[in-house]
Each structure stands twice: as structure tokens, then as C-alpha cells.
Number of protein chains: 2
Amino acid sequence: MSRLRSYGQYCGLAQALEIIGERWALLIVRDLVLGPKRFTDLRTGLPRIPTNVLSARLKELEAAGVVHRRTMPRPSAAVAYELTAYGSELEEVVLHLGRWGAKSLGDPKPEDIVTIDGEVLALRATFKEDAARGANARHQLQVAEVIVHAIVNDGALTAGDGPLPDADLVMRTDALDGLKLLLSRDISATEAIASGLFTVEGSIAEFERFVDLFGADTQAATAPA
Amino acid sequence: MSRLRSYGQYCGLAQALEIIGERWALLIVRDLVLGPKRFTDLRTGLPRIPTNVLSARLKELEAAGVVHRRTMPRPSAAVAYELTAYGSELEEVVLHLGRWGAKSLGDPKPEDIVTIDGEVLALRATFKEDAARGANARHQLQVAEVIVHAIVNDGALTAGDGPLPDADLVMRTDALDGLKLLLSRDISATEAIASGLFTVEGSIAEFERFVDLFGADTQAATAPA
DNA sequence: CTGGATCCCTCACGATACTG
DNA sequence: CAGTATCGTGAGGGATCCAG
């Protein structure tokens, strides 16, 4: 970071922003929270990032001790980026900021895309542990082309990408905002199915439980202007 | 936010970054967490921010529902900026990020400044509630020209700027890194006084308690590279 | 004096093309 | 696959100016 562009304050927050305050940086961290990724994986998860910027951010994050660049053992010679222990401490902030931003996320614009990692993170971020005590569930969710799954095992969540062959609930929606309407409780689970917005394989009760586990709080959330 | 510069993802974190991801934005929020401020107050708290950027950020934050622009009643006609309820929800993130960044905050560089708000936020961020259960204390701290105070009342912290006339502990240090050495436990409270790094009015026991309340965890913290 | 607006310059970002 | 090279644009930085 050039001295001139520095915030020039001896302050933890300013230092944090010097590290992960640059454009794209925290989104890279977001994708790496879900596990090590290769350069190309990051590109596909962040389709609009220029490669030179991705390159630069990775170097900066590595220099700051947030990301570790690991060269795979032979014969692949592939390169993988993963969070260091220090970088992993950002997970809470990423989830918290994600929840905060989601509140002012309006209707999706046509050009908005949904990425696998974004969706998985959203599941993690909106998961309500107290509503899930002792629960067990195997859910698969498809939004447009993106397929992710959520496994709740005795109240503990494991969310990941890809399908879940033995899921007891499979949900599909084409419209990007279908999930938003459902999870923000603008429409009920029954309405979501009746309107054709969602196709569901599994019991309606299970579908409603999905909304309980991952939907908005029933009490009014703080809304932006 | 221009469409072209948008991250283009329908994702809570991306949305959060569209709002508070721009340069200086979160530092403005940091200063406003401590209470309403006028344009000039923000300038002095962020000495290196260009006024046009401050102007632009305030407008963006206002449009996003994070900041409210309040015109004071007569006769002052002054303008005050304050966080909305939505904006106030960022306090946890600001403190969390501040703690995270502080871990990789090296020795202060000569041009680094310490602001009042940064110092007060640091006190709030590093306060250890569990170490303070039922405690009462009135501390005044001076770092260079910056004077702040911390009041612990039955375990609850109130940190603010300015001196505390009836403090039972008054601490002073000239060097910017004096506080860092002490709170990172690189030197003990006794050493801090013996070396002349700190001048203290009050009992050494109280001074040690200050370190316990606001210092680094005794267990090894995750350190960056 | 506060609360900005305006101008100009630079550099980071963004898009595209290309390489080991 | 994993980046570098090149180049145009616009946001950020710094100084100055202006209205209430």
C-alpha cells in the first residue's frame, strides 16, 4: 500500500481496511472461507473481476498474512489459495456483513448473478442455530443453475456446493428473486409452491422447516431507507 | 454506484460492500458510531480525507440509509450527521474488524496519527466484559495530545473523549507506541512506569487492572505473518 | 467560521489481449 | 492453468474557491 494512499491512522480499523478494504478483497476472502481455491475457481466465482486485479489482491492478501499460496505437490503443479488462520478470523465479519447487506438487498436486477459461494455463504449466514437445536435435515436447493445443499446434523450446519443425492427435500426456483421472496417471508411456503415459483420434492412440512431455519426473523428486522 | 463498477452479484456481502466498501466509508461510520458529528468534526477526525470525498461518501451513505443528515434547529443552522438504526448495526462489525486489524498493526510510523475517536473505539473494542464483571473504575488516558476516558460501572463500559476530573487512575504516555507495548503485554505495567514510558497517578494495582481490562488476551493471539 | 463545490492531476481499476 | 502486458477511464487525492 502506497504511503500516500494510506489512511495514516494508527487504528485497528484503518489497518484492517488497508488489508481488506480494497475493491474485491473481501469478496475473495468470502470465496476462500469455503475452502482452498485455485486462481481459475476464484475467477469463476467472481466473474467480473479483472485477472490482473485478482492477481494483485492475492499478492496483497498474501503479503498481509491473510492468504497462503500453496503450490500443490507433483505432478499437478497446480496452485491453490487458502486462508491462513489469521484470514479465517474474518469469517465472522464476512457473515455478519453479509447479513447486514442482505437487509438492503432489493429485488435482483437482470444483470445480477448468483454464485455458488454466495449462496452457500448465505445459507451459513442466515442459519438460525437456536431454531435448529437437535434438528436433522438434508436439503438441496437450486436457484437457476446454481445447486447447493445444506445438511443439518443434530443442529449443526454443513453447507456446501453441488447436489445432495439422498436429500429429503429438493427445492428448485428459476427466478433469482424467488428465494428472496420466500426467505424474506413475503410469500409463504405454500404460496411459493402454489404459484409455481418453487418446485419441491419432499413434504411441505419439511419445506416450511427450511424457511424456519434459513428465513428472516419473524420479528421485524431493521430496514434501511 | 455506477452499474459498471458494481460487483454484479446478488449477495449480501456484495451489497454491503457497495454501501460501505468505498474508500473512507467505514472510517466515517466509525467516527459516527461515537455519536452525531458535524462535517468539520469528521474532517478533523479524518485529516487526510479530501472534502469532496467526504461529501460524496456522506451522500452515498445517506442514500443507502446508513447516515441521517439532520439540520439543527435554530439558531445554529448547523448540520449534523448521525447513524440511522440501520447504520448503527455496523458497530459490531466495526469493533470486530478493529480488533482483527489491530493484531497486524505493527509499530506506528512517524506519520501515523492517533485520533480521539480511534482511541475511544479501541477502548470499546478491547474491553473484556468477562474480566470486568461487577468492576468499577474511572480511568483517564492520555496518548500524546489525545485524552480519553473509560468508566466502568458495575462491569459496564462507557468510553468517551476528554478528561475525567475525578478519575482514580490517570495515565499518560508520549510515544505513540507506548500504549501498544503495554496493551500487547510486551512490557508489564511495572516496567511501563519504571522505564518512564508511562506516568501514572493512582495505584499500580489499578494500573494493572487497566491492562487486564483492555490488554491483549494472555493466551497467544493469532498473529499474522 | 461552517459546509461544502470546483478544478486538475494521478493512479487504481477495468477490459482485453497475450504468454510461460 | 495461472497469470502478465497494455491501455483507457474514472474515482480518489489535493488545493482552492465560494455561499450562507
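Quick caveat: nothing in here was measured; it's all calculated off a predicted structure. The sequence lines fix the lettering, A, B, ..., with proteins before strands; numbering per chain opens at 1.
A distance-only check finds no donor-acceptor pair linking the side chain of A/Q15 to the backbone of A/Y10 [under 3.5 Å].
Between A/H139 and A/A167 the shortest heavy-atom distance is C-CB, 4.4 Å.
Within 4.0 Å of A/T40, counting heavy atoms only, lie sugar-phosphate atoms of the nucleic acid but no base atom.
Nearest to the side-chain atoms of A/W24 among the listed nucleotides C/dA5, C/dG14, C/dT16 stands C/dG14. Of all nucleotides listed (D/dG13, D/dG3, D/dG12), D/dG12 comes nearest to the side chain of B/E22. Counting only heavy atoms from C-beta on, A/F39 has its side chain closest to D/dA2 among D/dA2, D/dA11, C/dA5. Checking C/dC7, C/dA5, D/dT6 against every side-chain atom of B/N52, the shortest atom distance belongs to C/dC7. Set against C/dG3, C/dC13, D/dA2, the side chain of A/V79 has D/dA2 as its closest nucleotide. Picking from D/dT4, C/dG14, C/dA5 the nucleotide with the shortest atom distance to the side chain of B/K59 gives C/dA5. Closest contact between the side chain of A/R38 and the listed nucleotides D/dG12, D/dA2, D/dT16 involves D/dA2.
Look at CG on B/L46: it is 14 Å from P on D/dG12, rounded to the nearest Å. Residue B/L42 contributes atom CG, which lies 13 Å from atom C1' of C/dG4 at whole-angstrom precision. In this structure, the CG atom of A/L54 is 14 Å from the C1' atom of C/dC13, given to the nearest Å. Note: NZ (A/K37) to C1' (D/dC1) measures 17 Å, nearest angstrom. Straight-line distance from the CG atom of A/L27 to the C1' atom of C/dG14: 16 Å, rounded to whole Å. Atom CG of A/L58 is separated from atom C1' of D/dG3 by 10 Å (rounded to the nearest Å). Protein atom CZ of B/R43 is 11 Å distant from nucleotide atom C1' of D/dT16, rounded to whole Å. The CG atom of A/L17 sits 14 Å away from the P atom of D/dG12 (whole-angstrom rounding).
Ring geometry, B/W100 versus A/Y86: the interplanar angle falls under 30°, so the pair is classed parallel (tilted spans 30 to 60°). Taking the six-membered ring where the residue is Trp, B/Y7 and A/W24 present perpendicular rings, their angle passing 60° and hence far from 30°.
Other residues, nucleotides and ligands place no more than 12 heavy atoms under 6.0 Å from the CG atom of A/D174. Taking a 6.0 Å sphere around CD of A/E82, one finds it holds more than 12 heavy atoms contributed by other residues, nucleotides or ligands.
Using a cutoff of 4.0 Å between basic side-chain nitrogens and carboxylate oxygens, B/D117 and B/R30 are not scored as salt-bridged. For B/R57 and B/E60, the salt-bridge test passes: some basic side-chain N is under 4.0 Å from an acidic carboxylate O.
Taking side-chain N and O atoms only, B/R69 has no distance below 4.0 Å to OP1 or OP2 of C/dG3. Taking side-chain N and O atoms only, A/R57 has a distance below 4.0 Å to OP1 or OP2 of C/dC13. A close approach under 4.0 Å does occur between a side-chain nitrogen or oxygen of B/S55 and OP1 or OP2 of C/dA5. Distances shown here put every side-chain N or O of A/Y81 at or beyond 4.0 Å from the OP1 or OP2 atom of D/dC1.
In the helix from C/dC1-D/dG20 to C/dG20-D/dC1, the end axes, each obtained as the rotation axis mapping the C1' atoms of four pairs onto the next four within a five-pair block, lie 30° apart to the nearest 10 degrees.
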